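Inspection log for the structure reproduced underneath, given as structure tokens.
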Protein chains: 2
Amino acid sequence: MQVPERSDSIDRVIVDAILAGRITAGTRLGEQSLATLFSVSRTMAREALIRLEARGIVQVSPRRGWFVIKPSFEEAQEAFQARQAIEMGILMAVQRLGPEVVDKLRAHIVRERAAIASDDLEARSFLLGDFHVCLVEAFGNRVLADILRDLTARTVLISALYQSVHDATASCDEHEAITDALASGDLKRAADLMVSHIGNVEAGLTRAKDDDPLTNLRQALKLSPRRE
Amino acid sequence: MQVPERSDSIDRVIVDAILAGRITAGTRLGEQSLATLFSVSRTMAREALIRLEARGIVQVSPRRGWFVIKPSFEEAQEAFQARQAIEMGILMAVQRLGPEVVDKLRAHIVRERAAIASDDLEARSFLLGDFHVCLVEAFGNRVLADILRDLTARTVLISALYQSVHDATASCDEHEAITDALASGDLKRAADLMVSHIGNVEAGLTRAKDDDPLTNLRQALKLSPRRE
DNA sequence: CGGATCAGACTTCCATACAAGACTGGCACG
DNA sequence: CGTGCCAGTCTTGTATGGAAGTCTGATCCG
């Protein structure tokens with residue numbers, strides 16, 4: 001990464017880091033920091049940030065800085081709703097799924113389980129989100145794949161923010177159930193399973209952190225209350 | 001427009017122009033031209049173009065210029081597929097639609113018919129696409145609304161490129177049928193109608209223009225052939 | 001006449017410089 | 001001790017200049 005990179009590779013690296021959970025909601029992304037990190041000028045870093053802003057992944061606070069989005073609870077729900085609608089729509093629209101797709105998904109699930117077993121948190125975060133990207137890529141529609149990739153990034157951020165309690169193993173099991181339905185050609189069931197799967201993850205969110213930016217501090221203080 | 005505008009209003013103006021069919025696929029959008037047109041520096045124009053590129057609406061040919069995308073026939077099909085999947089997904093996911101939404105859609109259809117009757121091509125192009133944006137906005141999900149707006153822009157470009165023969169009146173009738181289904185609470189039927197509606201528009205595409213950039217010229221020459 | 005070559009005009013690309021707002025920490029004052 | 005002020009620093013915002021690639025059209029040569 002010390003070698004100068006193409007400007008649009010900055011985007012990719014950042015999104016990958018988000019998908020892997022290495023950077024989370026609210027992280028500051030300074031123009032100068034990125035520029036020196038990628039050995040490019042501030043202009044290039046800024047352009048990458050502008051692109052990411054258009055994709056709804058970062059936002060700028062004027063003259064204060066660029067930050068990874070920190071969706072409100074309502075926005076979080078909208079993102080999950082969007083994924084539910086789109087992924088269900090895809091599964092309903094697809095006529096037939098080749099067996100090689102099922103094989104690919106099964107291979108993916110194997111990797112998920114491996115990551116879970118070995119406590120590789122980064123791979124786990126990445127793979128659990130990537131399952132959905134894989135699925136839509138298998139559908140062969142680049143437009144939808146791009147949309148879903150960004151939406152997945154948002155969802156990963158949200159899950160970290162609102163501490164989704166949906167267990168990784170449960171997610172993986174649900175992925176497997178979806179794959180089974182696809183393998184048996186029962187697309188309707190696959191769509192239903194997908195909706196409930198995403199719904200499950202969404203249901204695991206807790207709005208605790210949202211209402212008040214002091215929550216972290218508040219909880220910390222509650223643990224050792226001095227006075228008042 | 002001679003007064004300096006905010007940089008992000010450039011995006012909006014361009015997208016609106018696309019939606020209205022005033023600028024079509026392949027149109028050149030020079031940095032300097034936009035800058036002088038909007039009374040801003042090249043930097044601002046360039047940033048707007050970068051955003052539009054991230055949204056899949058323009059693309060840059062290195063050191064040659066910025067152009068409104070000119071999707072291939074395959075990409076065109078993908079865009080329509082994406083809209084089918086997403087809009088169907090939305091209609092399947094929505095539980096209930098308030099009567100005010102139906103009213104709004106009916107009012108929209110009235111405007112569509114007015115534009116068609118008065119031969120206002122710009123309004124017609126805009127309104128026919130905007131129906132779908134309206135519908136998803138009524139769903140109340142900003143994420144989906146943004147996605148669909150950009151997708152609609154792409155679709156408008158495509159329709160102009162591949163000369164969709166789907167008649168405006170027919171589109172409007174189909175919009176009305178969808179609205180009727182929504183009014184009667186039959187969301188399943190609305191979803192089916194939506195899929196076939198978008199399918200109809202897609203089916204009206206002809207791949208003529210794609211294979212050969214000379215098609216325009218060729219047709220023109222065919223009308224008044226001098227020699228050869 | 002046909003074709004290669006080359007100058008120049010025009011475009012984006014990218015770095016840099018400076019402007020201007022936002023925050024921080026210290027200092028002075030009540 | 002508490003509070004307000006203010007300079008210094010850090011951030012993004014915006015313009016501009018020159019580098020470098022691309023196309024066009026004229027010119028020259030065979």
Side-chain angles (χ1 to χ4, degrees), chain A residues 1-14 17-18 23-70 213-214 216-217 226-228, chain B residues 1-14 18 23-70 213-214 216-217 227-228:
Chain A
M1 207 178 303
Q2 59 265 30
V3 176
E5 306 247 6
R6 277 231 138 344
S7 117
D8 64 343
S9 83
I10 300 178
D11 310 32
R12 203 180 40 73
V13 171
I14 292 178
I18 289 174
I23 65 186
T24 58
T27 303
R28 181 201 197 91
L29 297 173
E31 293 182 2
Q32 188 61 60
S33 318
L34 289 178
T36 57
L37 225 56
F38 286 89
S39 306
V40 295
S41 78
R42 211 161 60 80
T43 305
M44 309 296 290
R46 184 176 171 82
E47 289 187 358
L49 288 168
I50 288 174
R51 274 190 296 270
L52 289 174
E53 185 183 35
R55 291 166 64 185
I57 291 176
V58 308
Q59 58 191 17
V60 61
S61 174
R63 314 231 182 228
R64 285 183 12 87
W66 294 85
F67 302 90
V68 177
I69 55 158
K70 203 164 178 175
L214 294 179
N216 280 338
L217 178 57
R226 276 278 189 100
R227 51 171 157 262
E228 203 215 70
Chain B
M1 208 179 303
Q2 60 263 34
V3 176
E5 308 247 4
R6 279 234 137 340
S7 121
D8 65 342
S9 83
I10 300 179
D11 309 33
R12 203 180 40 73
V13 172
I14 292 178
I18 289 174
I23 63 185
T24 57
T27 302
R28 182 200 197 92
L29 298 173
E31 293 181 3
Q32 187 62 62
S33 317
L34 289 179
T36 57
L37 225 56
F38 286 89
S39 307
V40 296
S41 76
R42 257 181 24 247
T43 306
M44 310 297 289
R46 183 177 171 82
E47 289 187 356
L49 287 167
I50 288 173
R51 275 190 296 270
L52 289 174
E53 185 183 34
R55 292 166 64 184
I57 291 177
V58 307
Q59 59 190 17
V60 61
S61 174
R63 313 231 183 229
R64 284 182 14 86
W66 296 85
F67 302 89
V68 177
I69 54 158
K70 201 164 179 174
L214 294 180
N216 281 337
L217 177 57
R227 51 171 158 261
E228 201 216 71

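No experiment lies behind these values; they were computed from the predicted model shown. Below, chains carry the letters A, B, ... as their sequence lines are ordered, and counting in each starts from 1. Just so it is clear, the values below take in all heavy atoms, side chains as well, and ignore hydrogens, waters and symmetry mates.
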Side-chain donor-acceptor contacts of residues 25-32 of chain B below 3.5 Å, not counting sequence neighbours, with atom names and distances?
residue : atom : partner : partner atom : Å
B:Thr27 : OG1  : B:Thr24 : N            : 3.3
B:Thr27 : OG1  : B:Thr24 : O            : 2.6
B:Arg28 : NH2  : B:Arg64 : O            : 2.6
B:Glu31 : OE2  : B:Arg46 : NH1          : 2.7
B:Glu31 : OE2  : B:Trp66 : NE1          : 3.1

Rounded to the nearest Å, what distance is computed from the CE atom of residue A:Met44 to the C1' atom of nucleotide C:dC13?
8 Å
To the nearest 0.5 Å, how far apart are CD in B:Glu47 and CD in A:Glu47?
8.0 Å
N or O in side chain of B:Arg46 less than 4.0 angstrom from C:dT12 OP1/OP2
no
With the side chain counted from C-beta on, respond yes when B:Val60 and B:Leu49 share a heavy-atom pair under 4.5 Å apart, and no when they do not.
no
Rounded distance (nearest 0.5 Å) linking atom CD of B:Glu53 with atom CZ of A:Arg51
7.0 Å
What is the distance, rounded to the nearest whole Å, between atom CD of A:Glu31 and atom P of D:dT14?
11 Å
Separation of B:Arg42 CZ from B:Ser33 OG (nearest 0.5 Å):
11.5 Å
Reading nucleotides 16-23 of chain D from the 5' end, what letters show protein touch, with B for base, S for backbone sugar-phosphate only, - for no heavy atom under 4.0 Å?
BBBBBSSS
What is the distance, rounded to the nearest whole Å, between atom CD1 of A:Ile50 and atom P of D:dG13?
8 Å
Distance in angstrom units between B:Glu47 CD and C:dC13 P, rounded
14 Å
Could you tell me the separation between the CD atom of A:Gln59 and the P atom of D:dT11, rounded to a whole number of Å?
19 Å
Expressed in angstrom and rounded to an integer, what is the separation of B:Phe38 atom CZ from D:dT14 atom P?
16 Å
Nearest-Å distance, CG (A:Leu34) to C1' (D:dT11)?
13 Å
Distance, rounded to the nearest Å, where A:Trp66 contributes CH2 and D:dG13 contributes C1'
10 Å
Restricting to side-chain hydrogen bond (donor to acceptor under 3.5 Å, both in side chains), what partner residues turn up for B:Arg63, sequence neighbours left out?
none
